[in-house]
S.K.: 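What follows is a single structure, and I will ask about it in a moment.
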Amino acid sequence: MQDVKAPLREALKTALERLGVEPPATIPVEPAPKGKPGDYGTPLPFQLARRLKKPPPEIARALAEALPPLPGLAEALPVGGFLNFRLEPGYLVGLATEPPAPRPPSGGKVLLEHTSVNPNKELHIGHLRNVALGDAMARILAYAGRVVEVANYIDDTGRQAAESLFAIARYREAPGEGEKYDHFAGRLYVRLHRELGEEGKKEVLEPEIREVLRRLEAGELRAEVERILTAQLATMWRLGAEYDVLLWESDIVREGLLEKALALLKTTPYVLEPEEGKYRGALVFDTSKFIPGLEDPYLVLVRSDGTATYTAKDIALQFWKMGLLSGLKFRPYTAQPSGRPLFTSHPQGEPMPFGGASETINVIDVRQSYPQEVLKAALRALGRDDLAAGHHHLAYETVLLEGRPLSGRKGHVVSVDALVQEAVARARAIVAEKNPDHPDPELAAEQVGIGAIRFAMVKAEPRRQIDFRWDQALSFEGDAGPYLQYAHARAASILRKAREKGLDPEAPLPEGAVGTAGGYEVALAKVLLGFPEAVEKSAVERTPHLLAAHLLDLAAAWNAYYNAKEDGQPATPVLAAPEGLRELRLRLVWVVKETLRQGLALLGVPAPEVM
RNA sequence: GCGCCCGUAGCUCAGCAGGAUAGAGCGAGCGCCUCCUAAGCGCUAGGUCGGAGGUUCGAAUCCUCCCGGGCGCACCA
């Protein structure tokens, strides 16, 4: 797939030089709105009007005349103050006869952390948004040419893990028939909280919970945590999300990273131990220089009882991620469904080249914005403004369930496993209804169910609150994952039939084939050509929803092409088209299918060949 | 109180490093399977882009203020 805008920009730049005008840093070129003449256009004359003291239409005419010869350009049309370009159909379609390709990786490493669910209970739909966003973002960045490392942080020394493990030990219950271990742990966790709510229980049980916490910090209960983690990973994997490395909090502490981070910070004037006042005996970080406007800029890193806060551990982790600290050891953990190896930090591991990133992205909900700012502040306290600028918080709004906030205590939650099960069941019913002869209905049901869920989680702007509603999230019509999948399957079907007839969609086009292109092909090609830009924009702005929107456009353009009729007759048959045009159309179908496949892959949505 | 985010069609949302008559989906109405998958396509109806100022040749997009909603401002995890 070739860039259609770049040559136009180049030509405009040359024209400006010929007119003796200094070209602006970026020359805008956009598709012409429908109803306007030409295929692409630029508002450049408006921008130059003031400087040149000439009316825009006059500048547009002058630019048109000064344009160098340009392959594929049929006509340069001044339209009011715009300068539009009409391109030869064959040229335009020719640019779209190769599928898009990923960019080769280059530059520094981007360490993206997502999921990071407490290893104490099953995932719910709030976590789902994190996994879907993080996994899609990682794929998009890698495709756009970044070197990406995906980390999942395991908070194994937290209160929640301790409570679940304590509950499991206390109630001596076994998982129910077919009950996943994370659900089991979550169920007993809830039971424990009910008991803790009873009169006087908290005081009695608290020391025992603290003892579990101590053993967790010592790493004595790692196998117990892993049992829950393994069950959670099964859920992430079924969703199609994978990771490169697990980072255990207990390892960070045990390998002394926390101590090292605090030591680094203590060398700065911003970290102090007040001898009086409310922070007496604690180690605090004065953030006032970095986060202005706070009523109380002091942030506790180590409590007066000597225990470290989450913030302190997060800072240590951030320092490690950006190569300011070393000492973590790793070893292989397991193979993931795709075959991609998963590593884990481990006390008996070896040094491996994880971390040391120049850029970090934390996928975490918007309520964590302040702690994320603190991470930057800590980097700046060390004088590393460069690293602070390289840290990004991919903040997403929380998920509501049927209009109300999720609440584990009130039982107002839906687990990801239950959601997936329901989605696949609904998909199974629809596959049976729509395509009773499907060769592998179970595969299709799984792909469509997962696809619907994952697309629902990434199609909205991350900073918009999602109200999860069953009927909407599992909709198989309209702006939804299955719509894209259906478009893909339709294209795949044509390709399959073509190959049965002995045609090769990937074969080089015969001489003159692109010349047979008409308006339908041009319209489709123009949408296809927008794909690389959509991916890049998603990567730069760190949000998958832009790519999601483009894929919907592409699928719509393809469906419109597929259904085009003139006088009630199909206007764009592929296999029944005359030779030459048939090869061109087939080629375009192949490019559509490949583009959808790649785009869906970037969102973590499966692309069924048949559905 | 201070700070951040959101406010676009009846509902759910795109568009927001300023550009051409503001776009989808759902829902409503009408139409399209003797044609490569109708999970699709076409047409119709539906909008003072929360409000008011400002900047600009041009504002949904940038700035200011106001209104409405969400979130954050713990030696909690």
Side-chain angles (χ1 to χ4, degrees), chain A residues 26 28 30 32-36 41-44 46-47 49-50 55-56 79-82 84 118 155 158-160 162-163 278-284 291-296 298-305 307 309-310 365-371 373 395 397-398 400 405 427 430-431 433-435 438 448 459-461 463-467 469 471-472 475-480 482-483 485-487 489-498 540-541 545-546 548-550 552-553 555-556 558-565 568-570 572-577 585-586 589 610-611:
Chain A
T26 54
E30 292 306 321
K34 43 179 155 162
K36 294 288 174 185
T42 177
L44 193 55
F46 287 102
Q47 298 172 3
R50 167 163 302 200
V79 182
F82 291 88
N84 286 7
N118 274 316
D155 179 11
R159 173 103 200 160
Q160 316 213 26
E163 288 176 350
K278 70 189 256 206
Y279 295 117
R280 187 162 53 92
L283 186 73
V284 301
I291 310 177
L294 290 176
E295 251 172 72
D296 180 356
Y298 280 19
L299 195 113
V300 174
L301 297 175
V302 180
R303 302 182 189 99
S304 45
D305 68 1
T307 58
T309 60
Y310 265 44
D365 78 61
V366 70
R367 292 173 298 186
Q368 299 294 323
S369 296
Y370 174 60
E373 276 306 304
E397 259 294 351
T398 49
L400 301 179
I430 291 178
V431 171
E433 175 203 330
K434 307 261 186 191
N435 193 350
H438 197 290
V448 171
K459 77 169 175 178
E461 197 186 356
R463 309 209 64 136
R464 191 179 279 278
Q465 198 161 50
I466 292 182
D467 185 8
R469 293 187 190 159
D471 54 344
Q472 242 166 263
S475 163
F476 294 157
E477 287 170 12
D479 279 357
Y483 175 79
Q485 296 177 313
Y486 185 68
R490 257 183 164 176
S493 171
I494 294 179
L495 297 173
R496 212 164 33 242
K497 289 196 160 65
V540 169
E541 301 199 10
H545 87 279
L546 297 174
H550 179 263
L552 287 171
D553 283 348
W558 159 235
N559 278 327
Y561 182 85
Y562 184 96
N563 276 307
K565 287 187 183 64
Q569 293 302 307
T572 53
V574 176
L575 301 177
R585 285 180 172 168
L586 195 53
V589 172
V610 187
M611 66 184 270

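Throughout, protein chains are lettered first and strands after them, A, B, ... in sequence-line order, and every chain is numbered starting at 1.
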S.K.: Counting only Watson-Crick or G-U wobble pairs whose two distances fall under 3.5 Å, which nucleotide matches G23(B)?
M.R.: C13(B)
S.K.: For Leu552(A), answer base if it contacts any base atom (sugar-phosphate contacts may also be present), sugar-phosphate if it contacts only those atoms, and nothing otherwise; contact means non-hydrogen atoms under 4.0 Å.
M.R.: nothing
S.K.: Which one is paired to U61(B), where only Watson-Crick or G-U wobble pairs with both distances under 3.5 angstrom count?
M.R.: none
S.K.: Once you apply a heavy-atom cut-off of 4.0 Å, does Glu295(A) come out as touching a base, just sugar-phosphate, or nothing?
M.R.: base
S.K.: Just to be sure I understand the rule, does Ser304(A) reach a base, reach only the sugar-phosphate, or reach nothing, if contact means heavy atoms closer than 4.0 Å?
M.R.: base
S.K.: The side chain of Lys434(A) is closest to which nucleotide in this list: A39(B), C4(B), C75(B)?
M.R.: A39(B)
S.K.: With a 4.0 Å cut-off on heavy atoms, is Lys278(A) in touch with a base, just the backbone sugar-phosphate, or nothing at all?
M.R.: base
S.K.: Could you check whether Tyr310(A) and the base of A77(B) form a stacked pair, meaning centres closer than 5.5 Å and planes differing by less than 30°?
M.R.: yes
S.K.: Quick check: on RNA chain B, is the nucleotide nearest Glu541(A) upstream (toward 5') of the one nearest Gly35(A), or the reverse? Name the residue that is more 5'.
M.R.: Glu541(A)
S.K.: Which of the following nucleotides, C41(B), A39(B), G15(B), is nearest to the side chain of Val448(A)?
M.R.: A39(B)
S.K.: OH of Tyr370(A) versus C1' of G3(B): gap in Å, rounded?
M.R.: 11 Å
S.K.: If you check the Asn84(A) side chain, which of A20(B), G70(B), G72(B) turns out closest?
M.R.: A20(B)
S.K.: Can you find a side chain N or O atom of Tyr483(A) that sits less than 4.0 Å from OP1 or OP2 on C41(B)?
M.R.: yes
S.K.: Under 4.0 angstrom, heavy atoms only, what part of the nucleic acid is Arg280(A) near: base, sugar-phosphate, or nothing?
M.R.: base
S.K.: As a test of reading the structure: which of A20(B), C41(B), C73(B) is closest to the side chain of Asn559(A), going by heavy atoms?
M.R.: C41(B)
S.K.: What nucleic acid atoms does Val610(A) come within less than 4.0 Å of, heavy atoms only: base, sugar-phosphate, or nothing?
M.R.: base
S.K.: Please give the nucleotide sitting opposite C4(B) as a Watson-Crick or G-U wobble pair, both distances under 3.5 Å, or none.
M.R.: G70(B)
S.K.: Can you tell which of C35(B), C57(B), C73(B) lies closest to the side chain of Arg50(A)?
M.R.: C57(B)
S.K.: Looking only at the side chain of Arg469(A) (C-beta and beyond, no hydrogens), which of the listed nucleotides C4(B), C13(B), U12(B) gets closest?
M.R.: U12(B)
S.K.: According to the Watson-Crick and G-U wobble definitions, with both distances under 3.5 Å, which nucleotide is paired to C36(B)?
M.R.: none
S.K.: Scan Val302(A) against the nucleic acid and name what it touches under 4.0 Å (heavy atoms): base, sugar-phosphate only, or nothing.
M.R.: nothing
S.K.: What do you reckon, do Phe82(A) and the base of A20(B) stack, with centroid distance below 5.5 Å and planes below 30°?
M.R.: yes
